[in-house]
Amino acid sequence: MSYRSWGGTKTAVQRVIPLYWEQEPFPDTEGKLALPFGNGRSYGDSCLNDGGVLLDTRHLDHFLSFDRKTGILRCEAGTLLSEILSFTVPQGWFLPVTPGTKYVTLGGAIANDVHGKNHHRSGTFGCHILRFEILRSDNSRILCSPSDNKDFFSATIGGLGLTGVILWAEIALKAISSPFIQSETVRFGNLDEFFSLSRESDRDYEYTVSWIDCLVHGKNLGRGIFIRGNHAPPLPPPTNFSSSRNIRNFPFSPPFSLVNTLSLRAFNTMYYRKQIRKRSKRLEPYDPFFYPLDGISHWNRMYGRKGFYQYQCVIPEEESEFPVRELLTEIARSGQGSFLAVLKHFGNIPSPGILSFPRPGITLALDFPNRGEKTLSLFSRLDEIVASAKGAVYPAKDARMSSKSYQQFFPRWQEFLRFKDPGLSSDFWKRVTKGDECNAY
Amino acid sequence: MQRILIIGATSAIAQEVARLFAEKGNRIFLAGRNPDKLSILANDLSLRGAIQVEKGLFEATDFDSHPRLIEESFNSLGGLDTVLIAFGTLADQKKCEGSVEETLREISINELSILSLLTLLANRFEKQKSGTIAVLSSVAGDRGRKSNYVYGSAKSAVTTFLQGLRNRLSSSRIHIMTIKPGFVDTPMTASFKKGFLWATPESVAKTIIKGIEKKKDVLYTPFFWRAIMIIIRSFPERLFKKMNL
Ligand SMILES: Cc1cc2nc3c(=O)[nH]c(=O)nc-3n(C[C@H](O)[C@H](O)[C@H](O)COP(=O)(O)OP(=O)(O)OC[C@H]3O[C@@H](n4cnc5c(N)ncnc54)[C@H](O)[C@@H]3O)c2cc1C
Ligand SMILES: NC(=O)c1ccc[n+]([C@@H]2O[C@H](COP(=O)([O-])OP(=O)(O)OC[C@H]3O[C@@H](n4cnc5c(N)ncnc54)[C@H](OP(=O)(O)O)[C@@H]3O)[C@@H](O)[C@H]2O)c1
């Protein structure tokens with residue numbers, strides 16, 4: 001079991017204390033600051049705590065109750081979303097919101113108030129959480145819901161694990177009549193086409209997202225593939241379909257990154273051309289639709305030992321087109337981006353957390369092999385574009401934003417301090433508050 | 001459908017075995033000493049598909065309670081097909097060396113209480129002429145070492161007792177399985193530094209279920225421990241006694 005973050009650009013030496021039972025008291029950390037750890041699917045340093053203690057929550061994975069009629073599930077916070085799906089999909093219930101990997105814990109999904117392809121319809125993960133219990137370092141327990149301790153409720157959702165260990169949570173699942181998705185992919189030639197497709201699709205489709213080729217400049221800037229889908233009505237499943245996917249494994253970290261500009265350009269061109277027809281429809285199982293990357297476990301290793309970054313930001317709704325164009329131009333010019341460029345429209349359902357990332361607008365996410373200073377200075381330029389558009393960068397993906405940028409992107413961070421557990425911290429938090437935390441009390 | 005008694009049900013390894021049993025829609029009786037943990041487990045297992053889950057309190061060193069536990073589980077499930085004995089403590093070797101009382105306590109939990117349970121179970125199973133009794137022993141019982149010989153000798157006694165029982169009950173068609181895990185990442189070993197030899201309770205549980213299905217006599221898990229222990233056992237004592245193990 002390794003306790004690293006997904007991007008692998010940051011390392012931390014930390015003592016790990018596994019938590020096994022929710023009834024047990026907060027463990028003795030010998031005076032060190034602690035941090036709950038889910039499944040390490042955050043890219044940067046929000047799940048790391050160098051010199052401190054990690055509280056491994058993966059063993060808190062018991063199902064506590066499930067109402068098959070209402071779809072309300074209560075389970076411990078270390079349960080993986082994949083485990084929830086295997087349990088509930090056969091009974092006709094699906095996650096109300098899911099991120100692009102199912103290998104995250106319930107607690108981790110709450111702590112980052114994650115979003116999915118249906119943000120425009122359903123808001124964030126936190127919108128579907130009915131209640132949960134947190135354990136604080138002073139051994140107190142707080143039951144939180146929109147009616148009980150609602151301030152702690154909204155501080156803990158998106159609260160980066162800093163308000164206490166979430167022990168269990170209750171989530172309202174969504175009824176489905178089939179485990180299949182009726183999906184359609186549409187090729188688009190540039191950014192304008194993306195915006196109009198997005199507007200049109202948000203009306204008729206529950207799930208929308210697009211992949212864009214961020215290596216092309218000029219009139220093709222922002223060309224890509226739009227993917228949209230709805231849960232399929234009850235249908236007899238196709239006979240040649242096998243529900244268990246072959247999971248391939250990326251076996252080791254090569255000493256260098258396999259993602260260089262050449263292989264990327266080839267990949268992007270192919271990916272775009274593969275969609276030979278402008279539109280194609282199909283019926284597919286939920287797994288490849290929602291979790292295309294989960295098909296190769298440890299795909300992050302292909303970036304080599306230096307690891308990689310993901311940059312994800314949101315540009316607010318009003319006049320988002322220009323800043324998005326600016327970001328893409330900057331990235332295309334740098335030639336550093338990789339094939340994981342995702343563009344998606346966030347709707348206007350308010351996020352419940354004080355520090356939640358999603359807000360109405362366009363979100364852009366892409367991976368960058370770690371090329372050191374060159375990559376970091378590109379990010380600083382991107383941060384400026386985001387800041388002047390009054391947007392934000394996503395902490396779950398971040399390993400480098402400055403405290404100044406963070407405080408600008410998340411202006412309510414000082415309000416959050418009232419709920420922060422003084423016994424908890426993370427490398428991310430130390431970086432973005434830089435000790436300002438003490439002054440703010 | 002099977003009727004399964006798990007003694008020491010809150011053990012990390014036993015929990016994973018129980019989940020696999022539950023998913024197949026079996027009836028399960030959970031015995032353990034902590035009622036809160038048992039309730040959590042019972043709920044979890046019913047949700048995962050067990051068609052009946054019962055619980056009973058069990059303290060290993062309370063020998064007088066053993067017959068009652070077996071009786072109770074037998075009655076509430078309407079019979080028993082499989083028993084898994086999983087409780088145990090990893091003795092603090094240094095403490096045992098300095099205290100007879102501590103040594104006897106460890107022996108009592110890890111050896112005597114298991115022999116007591118096995119004696120009672122064997123007689124019942126001998127009469128019914130079917131069923132499986134699986135017990136978590138350990139590779140540590142394969143050879144005594146200075147770092148854990150109190151625990152090791154208890155496991156060794158359990159292993160030998162099971163051998164005898166297997167011999168006695170083979171004509172009654174009772175399957176006796178000795179489970180010998182290597183290093184497993186559980187609360188028992190929480191303070192150890194983990195390396196590549198370490199297995200997860202999930203993977204060990206899968207091999208236990210398979211072993212029960214295939215009626216294995218002795219299960220090393222993960223499998224490579226069989227080879228490792230052949231090597232360890234093959235050292236002449238004259239050399240072994242000087243090794244730092
Ligand atoms: C391939 C991939 C695709 C992704 N797609 C998306 C996406 O579409 N949308 C999106 O929003 N995110 C996405 N993510 C990010 C991921 O969903 C988040 O980083 C998520 O929080 C990771 O959860 P985890 O269980 O791995 O937690 P970790 O990464 O281990 O921890 C994340 C945070 O949660 C806290 N935490 C964990 N458990 C608890 C607990 N029990 N109590 C309190 N705090 C806790 C930690 O302290 C930390 O601050 C993606 C990540 C990957 C690798
Ligand atoms: N982990 C390994 O590396 C390893 C290797 C070889 C063999 N084993 C054996 O595998 C078995 C399971 O261990 P595990 O690794 O799963 O450890 P674990 O999770 O720590 O489980 C130990 C179990 O023993 C119970 N227990 C301890 N003392 C007891 C007592 N006096 N009366 C009743 N129950 C008692 C505990 O109950 P509570 O929950 O109430 O504390 C717990 O259920 C043990 O027999 C162990 O020796 C383990």
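Every chain is numbered from 1 and lettered A, B, ... according to where its sequence line falls, protein lines coming before strand lines.
Between Trp93(A) and Phe87(A), the ring centre distance reaches or exceeds 6.0 Å.
Looking at Tyr20(A), only its side chain comes within 4.5 Å of chain B, counting heavy atoms on both sides. For Arg15(A), no part sits under 4.5 Å from any heavy atom of chain B, backbone or side chain. In this structure, the portion of Gln15(B) lying under 4.5 Å from any heavy atom of chain A is its side chain and not its backbone. Of the two parts of Ser191(B), neither the backbone nor the side chain holds a non-hydrogen atom closer than 4.5 Å to a non-hydrogen atom of chain A.
Of the inter-residue distances, the one linking Lys216(B) atom NZ with Thr221(B) atom OG1 reads 9.5 Å to the nearest 0.5 angstrom.
Using a 30° and 60° split on the angle between ring planes, Trp299(A) and Tyr43(A) fall in the tilted class, from 30° to 60°.
Here the side chains of Tyr220(B) and Val139(B) are in contact, with some heavy-atom distance below 4.5 Å.
The side-chain contact (heavy atoms from CB on, under 4.5 Å) test with Phe29(B) is passed by exactly one of Ile4(B), Leu80(B), Leu69(B): Leu69(B).
Counting heavy-atom pairs closer than 4.5 Å to chain A, the top residue among Leu47(B), Asn43(B), Thr10(B) is Leu47(B). Heavy-atom pairs under 4.5 Å with chain A peak, among Ile40(B), Asp36(B), Leu45(B), Leu41(B), at Ile40(B).
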